[in-house]
Amino acid sequence: MGSYNRIMAIDKIAEDFSGTPCGAGRTNLDMYGVDVFNEKAIRKYLPKGIAEALLETINNGVPLDPSIAGDVAHAMKEWAIDRGATHYTHWFQPLNGGTAEKHDAFMEPAGHGEAIMSFSGKNLIVGESDASSFPSGGIRSTFEARGYTAWDPTSPAFIKRYSKDAILCIPTAFCSYTGEALDKKTPLLRSMQALKASVRRLMSCFGMPNSLPVKITLGAEQEFFLIDKRFYLHRPDLLQCGRTVFGAPPSKHQQLEDHYFGSIKPRVANFMAEAEEELWKLGIPAKTRHNEAAPAQFELAPVFEELNLSVDHNMLVMEVLRTVADRHGLVCLLHEKPFAGVNGSGKHNNWSVQYGDRNLFDPGNDPEQNMIFLTVLAAVIRGIDKHADLLRSTTCSAGNDLRLGSNEAPPAIISIYLGDQLSGILDRILDGSEKSGRRSCEMRMGVDTLPPLPRDATDRNRTSPFAFTGNKFEFRAPGASQSCAGVCMMLNIIAAESMDYMSGRLEKLSPEEFNDGLQQVVKDVISKHRRVIFNGNGYSAEWVAEAGRRGLPNLSSTPEALKPLLDAENQDLVEKYGVFSKIEMISRYEVFLAEYRRRINIEGGISLEIARNMVLPAARSEFVKIAGALSCSQSTGGGQGESALKEELRVIGELLDRLHTACEDLSEELKENGDGVVPAMKKMRTIVDSLESVVDDDAWPLPKYREMLFIY
């Protein structure tokens, strides 16, 4: 890596990228989905009957006919080879937060020095992996190594490309030899199945057929930072942790609000254009891109898709962003808080549920749809209030602990933002009044005419973790590096439980009682659970106090936020809906807590290493240099200059002493592996960042914030 030369690094970046032109616009959509085994490819490579059977599974959830697996595998192989692939892999999402793959060649020896390209139905449907080498929370021991990957036909196979290779990737679930889920896809699929059943049950209460398809959708907005790779390679903390453990804030960062939606620099625009091209080839509908609030921060947002597919696509989005950034001499940082003092990066999950052609979260403009919407809304309010602790548990991580509650990230307190209009309508339901703002009409659902609700029935509240945004809910608490699977899995569970609660009460009503009974059920639910609705400033200290008075949980750290996974009532809930067994639930607690502790210890270790091996030598050299200058000044009668040097020497000497002590404290905390690592790191950071402001600029061994955030 070599020593960091500030001037040379900056000059080289300026030389390489000054005046970089933007690439030509790409308007040819023929590339869209070319690397996906989609409906077009299925119909081209499979006989009509088999193609229709497979599409029924993909589009309508019909169980897969195992007898067609061989034909599908052959067609998939032929398509992949035509697209340049030589290998295939079962692509899955273990509990380490990333994706995993093991490449196998299509090539099979045929004897007599010859080979053939082979891919069987068995190769497609099931694979085997070493389950003991992935996090399992005690489900699998080292000597119990066998695990299986199982084809998920509802998420299409795709081609992953390297400079000299192409791999057929088959999305799969991952389970142990004894059947426990060891991944994030399997519980997500289970939760989707549970929510679909609950939606059908609730809709049947309104006389709707229970045979209509249920579609759960997600649009995942992805925030990220880009910095020049040369700075990155000289920051051991970024290399090891994905974030800076030290760094003094620059004089200018995001105070002027001039980066958000600003003109995109040519180098970044070229990166974004290539990233979009790669995503479009994979059938990922990347739609929106823009500068985010912090300098060097950006966002990419796709069009919403079916939930399972959207989760898979978001994992690919993160990989493509990192890969393409590297080709442009950049590094894509997906950590939730790579730079202190400026905005962190989140992943806004725009979640919605559709029944037939009806979006259940769309207020609509007719009385019947209003009736269904308000019932579903009440169910969601109840679910979020009752199970806020479980929902919070899906957003916790070492990185997100640094982000939540500051710089436009919502607080750790889970609340719902509805806006004044919807909140006013709920108030009318509770008090039975006939007037609300500009409108005047009766509110008895299903009997009297309800007011039409505009699609944009709310303003925006960036401080709310769970906001209604017109025809969907936007969950803003998840961190940028997190998979959407766990978050949406829990949303599905708590929505299913609440819809079943509503259905249980409504099913007891006779047709003559239904309208009045529905009014009472919705009124009861809103009255009991309205405490979770908050339309104000989630950053304020007043809200923290108010949330406490309301009895809302404030689980501010990962160890606190994970404890609800051990609660017997919560375990019964997820087991009831077939999403987790109690063993699987406990395993998640063990996996995520162990990951948190390991990350904190890694951050503590790299903090200690940088402080001892880089900062202390630089500070000592500065101390010696100033002492020499002071000695020279004293021999020549330096006057005011001598006084300034004495003060500078005193400051650096004091900081050196404090840093020595802080290093010893952190070293002891790391040995103990206790809860003191985080405060010890904060203490050390204060000292190091103070030294950065007094040590000579050329002598400082790390790229500074003012460079990384503005020179790219």
Side-chain angles (χ1 to χ4, degrees), residues 97 225 227 231-232 234-250 253 333-345 396-407 409 412 479-481 555-562 592-619 652 654-695 700-705 708-709:
F225 281 81
I227 66 169
F231 293 142
Y232 174 82
H234 284 91
R235 292 285 316 210
D237 46 3
L238 284 175
L239 279 164
Q240 293 281 300
C241 311
R243 78 173 182 98
T244 54
V245 296
F246 301 124
H253 42 87
L333 301 176
L334 292 167
H335 193 282
E336 285 72 23
K337 199 73 171 177
F339 301 100
V342 299
N343 269 37
S345 292
C396 62
S397 70
N400 221 20
D401 282 0
L402 299 170
R403 165 182 167 264
L404 290 177
S406 64
N407 297 100
S481 68
L555 308 176
S556 59
S557 70
T558 291
E560 286 181 285
L562 287 174
F592 300 144
L593 184 60
E595 179 192 9
Y596 169 80
R597 287 174 173 163
R598 288 165 184 159
R599 287 189 182 277
I600 292 300
N601 285 341
I602 289 169
E603 290 181 357
I606 201 66
S607 296
L608 191 60
E609 184 179 334
I610 292 173
R612 281 178 169 170
N613 299 342
M614 300 176 76
V615 174
L616 274 172
I652 293 178
E654 179 182 313
L655 288 170
L656 277 170
D657 289 341
R658 288 172 57 196
L659 185 56
H660 275 292
T661 302
C663 284
E664 294 305 313
D665 290 345
L666 181 54
S667 180
E668 288 303 311
E669 290 296 345
L670 288 169
K671 289 178 185 176
E672 294 294 325
N673 195 25
D675 296 329
V677 173
V678 172
M681 286 171 58
K682 288 180 179 178
K683 179 181 176 183
M684 180 177 285
R685 177 167 198 151
T686 300
I687 301 165
V688 171
D689 291 356
S690 297
L691 278 167
E692 182 181 327
S693 66
V694 294
V695 170
W700 191 251
L702 299 167
K704 297 187 175 184
Y705 275 23
M708 293 183 288
L709 290 174

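As the structure is a computational prediction, the values presented were derived from the model and not from experiment.
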Given the rule in the side chain to side chain contact (heavy atoms under 4.5 Å, CB included) test, do C396 and F592 qualify, once you have shown the distances and angles that lead to the verdict?
CA-CA 9 Å; C396 62; F592 300 144; 5.8 Å; no

Note, P236 side chain near M614 side chain (heavy atom, < 4.5 Å):
yes

Could you pull out every donor-acceptor pair under 3.5 Å between side chains of residues 240-247 and any protein atom, sequence neighbours left out?
| unit_1 | atom_1 | unit_2 | atom_2 | d |
| --- | --- | --- | --- | --- |
| R243 | NE | E603 | OE1 | 3.3 |
| R243 | NE | E603 | OE2 | 3.1 |
| R243 | NH2 | E603 | OE1 | 3.0 |
| T244 | OG1 | P338 | O | 2.6 |
| T244 | OG1 | Y705 | OH | 2.6 |

Within a reach of under 6.0 Å around CZ of R612, are more than 12 heavy atoms found that belong to other residues, nucleotides or ligands?
yes

Spacing of T558 atom OG1 and L593 atom CG [to the nearest 0.5 Å]
8.5 Å

Would you be so kind as to tabulate the donor-acceptor pairs closer than 3.5 Å made by side chains of residues 660-671, with sequence neighbours excluded?
| unit_1 | atom_1 | unit_2 | atom_2 | d |
| --- | --- | --- | --- | --- |
| T661 | OG1 | D657 | O | 3.2 |
| D665 | OD2 | K683 | NZ | 3.2 |

Interatomic distance, CG@L655 vs OG@S693, rounded to 0.5 Å, equals 7.5 Å

d(S607 OG, K682 NZ) to nearest 0.5 Å is 12.5 Å

To the nearest 0.5 Å, how far apart are OG in S557 and OH in Y596?
6.0 Å

Between A619 and I652, what is the shortest heavy-atom contact and its length?
O-CG2, 3.9 Å

To the closest 0.5 Å, what do you measure between CD (E654) and CG (L691)?
10.5 Å

When rounded to the nearest 0.5 angstrom, what distance separates CZ in R599 from OG in S397?
7.5 Å

With a 4.5 Å cut-off on side-chain heavy atoms, are F339 and H253 touching?
no

Taking every heavy atom of S556 against every heavy atom of A412, the minimum-distance pair comes out as CA-CB, 4.0 Å

Near N601 CG, under 6.0 Å, is it more than 12 heavy atoms from other residues, nucleotides or ligands?
yes

Pair R403, N400 - check side-chain hydrogen bond (donor to acceptor under 3.5 Å, both in side chains), show working.
CA-CA 5 Å; R403 165 182 167 264; N400 221 20; 2.9 Å; yes

Quick one: does any side-chain atom of K337 pair with a main-chain N or O of N343 as donor and acceptor, under 3.5 Å?
no

What closest approach, in Å, do P703 and H234 show between heavy atoms, and which atom pair accounts for it?
CD-O, 3.4 Å

Can you name the nearest heavy-atom pair linking V677 to G604, along with the distance?
CG1-CA, 4.2 Å

Please check this pair: side chain of E336 against backbone of S481, looking for a donor-acceptor N/O pair closer than 3.5 Å.
yes

If we only count heavy atoms from C-beta on, is the V615 to W700 side-chain gap below 4.5 Å?
yes

Between F231 and L238, is any pair of side-chain heavy atoms under 4.5 Å apart?
no

